[in-house]
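What follows is a set of notes on a single structure, which appears directly below.
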2 protein chains.
Amino acid sequence: MLTKKNIVVIPEPTLRRLPHYLHLLLNLKEQGVKSVSSTFIANELGLDSTQVRKDVQYTNIIGKPKTGFDVNSLINAIQTCLNWNRYENAFLIGAGSLGTAMLGYKQFKDYGLNFVAAFDNDPEKVGQKIHGIEVLSIDRLPVLAQLMKIHLAVLTVPAKAAQECVDIMLKGGIVAIWNFAPMQIKVPQNVIVENAQFSQSLAVLTRKLSVYKQTLL
Amino acid sequence: MLTKKNIVVIPEPTLRRLPHYLHLLLNLKEQGVKSVSSTFIANELGLDSTQVRKDVQYTNIIGKPKTGFDVNSLINAIQTCLNWNRYENAFLIGAGSLGTAMLGYKQFKDYGLNFVAAFDNDPEKVGQKIHGIEVLSIDRLPVLAQLMKIHLAVLTVPAKAAQECVDIMLKGGIVAIWNFAPMQIKVPQNVIVENAQFSQSLAVLTRKLSVYKQTLL
DNA sequence: GCTGTATTGATAAAATATTATCGATACAAA
DNA sequence: TTTGTATCGATAATATTTTATCAATACAGC
């Protein structure tokens, strides 16, 4: 397999499917199911069974003919792949409505994400606590990021504030940004940006709906 | 090109990039820029210029050598592609924190999305107004969806409530679902589902970050 | 009007991702 | 035991997506 210093490169489409597998597997585990076949997973998630097997191979889990894959092992393997078996401390930038919602989103614990502080430039918000997490002034971000060794930040600010916030984050040594701001941010080559704008996903949906409606005519 | 009853099928990766183009173009327009080259767009967004040209071709816009593409035409063409030049009325299901954030998200107007009502099963919430949109009891959804001819619904409920809500939505004739619930929902073949779980996007990010940290060792 | 050049758009090549095929294997039932 | 079968995992085939190449073209400067 292609590797980067011996680390397997998992294709992005596979990475996007892994959480679906994980969720299904956790459900099965709860129901006491011990092993599961690629066919079953494929049916449940509307995928091809060959694809499921291929995806599973990236986790280094090997199955047994006639039986399938061990549910527990697969859960662990996926969590390890995604680094979801440990907590990554993160900052949240932008305590607006989306930011607030994210701070309150319990599920992130299952995804290895742990918010340790939020930042905003609105004096009204600074000093408040949202879902138990303190909102600090954005000026303090660089120092705190370095002090607390934070590498990941979630950006939930309006478009026009985004780049300015990014620059502040970079000063603090942030190396990975989960970008919800509706714009493209500029970062040095080595910084990881994952865009999670609603618009991306919505574009796919509205196009399909539009095509669907047109085919009805 | 491949067509479905003469409608061009735009690849999903292209659809996901179109909103980025659109955003950049709107910025350029505001700055008074009249035309733009594929090279410029590619540089701004960190893409390949050939890819930009290929994507633009799907919008049926043709450019001029040495000049590039007309900004206004391209904006219109992308909006038309995505059906963002008209409003699609939509229901929101699940008035929790994410749902609330979405109801207040002004940008959706630019994406052709218009929330006309929200639904929840919590009696505390029913009757309230969130960002000017009334929260109704989920029981009333099927009748109202048909009456108001709503085809699109945004699902922001917890995992365990999701499938139940979906079944109710289907009764009302909903044909497109934007699913934020952290689970795979089951729908008939002809119903469009776009999964927008945070986990998908986060998986890509946490994996990359994990690999990045490992390569530093 | 001629010449140089940036850019398009078409075509081809490469890379990536998905789907199909099939022998090998482990379990279940006779 | 033996036989039948569900399932894996490897390989091959297909489809899709991205990237490269290059002739054709419109504008700018001389």
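The sequence lines fix the lettering, A, B, ..., with proteins before strands; numbering per chain opens at 1. Computed from heavy atoms alone, side chains included, the values below leave out hydrogens, waters and symmetry copies.
Of the candidate nucleotides dC8(D), dT8(C), dG4(C), dT8(C) has the atom nearest to the side chain of Pro65(B). With distances taken from any side-chain atom of Thr50(B) to the nucleotides dA20(D), dC27(D), dT7(D), the minimum falls on dA20(D). Considering only side-chain atoms of Pro13(A), the nucleotide from dT18(C), dC8(D), dA26(D) that sits closest is dT18(C).
Per the geometry, OH belonging to Tyr58(A) stands 11 Å off C1' belonging to dT18(C), to the nearest Å. Spacing between atom NZ of Lys54(A) and atom P of dT19(C) amounts to 11 Å, rounded to whole angstrom units. Between the CD1 atom of Ile62(A) and the P atom of dA10(D) there is a distance of 9 Å, given to the nearest Å. Taking atom CD of Gln51(A) as the reference point, atom C1' of dA17(C) lies 8 Å away to the nearest angstrom. If you take CZ of Arg16(B) and P of dT17(D), they are 12 Å apart, rounded to a whole angstrom. What separates CG of Asp55(A) from P of dC8(D) is a distance of 13 Å, to the nearest Å. Rounded to whole angstrom, the span from the CG atom of Asp48(B) across to the P atom of dA15(C) amounts to 14 Å. Computed from coordinates, the Ile10(A) CD1 to dT16(C) C1' distance equals 16 Å when rounded to whole Å.
Heavy atoms only, all atoms of each residue included: Met183(A) and Ala159(A) are closest at SD-O, 3.0 Å.
Residues Phe198(B) and Tyr105(A) place their aromatic rings such that the two centres sit under 6.0 Å apart.
In terms of phosphate contacts, Gln57(A) brings no side-chain nitrogen or oxygen within less than 4.0 Å of OP1 or OP2 of dC8(D). For Lys66(B) and dT8(C), the shortest distance from a side-chain N or O to OP1 or OP2 is not below 4.0 Å. OP1 or OP2 of dT8(C) sits under 4.0 Å from a side-chain N or O of Ser38(B). In terms of phosphate contacts, Arg53(B) brings a side-chain nitrogen or oxygen within less than 4.0 Å of OP1 or OP2 of dT8(C).
Each of Val56(B) and Glu12(A) has a nearest nucleotide on DNA chain C; the 5'-most of these lies closest to Val56(B).
Considering CD of Gln197(B) and CD of Gln107(A), their distance stands at 10.5 Å, rounded to 0.5 Å. Taken to the nearest 0.5 Å, the NZ atom of Lys34(A) stands 8.5 Å off from the CG atom of Asp70(A).
Between Phe108(B) and Phe115(B), the ring planes lie perpendicular to each other; the angle is over 60°, past the 30° to 60° tilted range.
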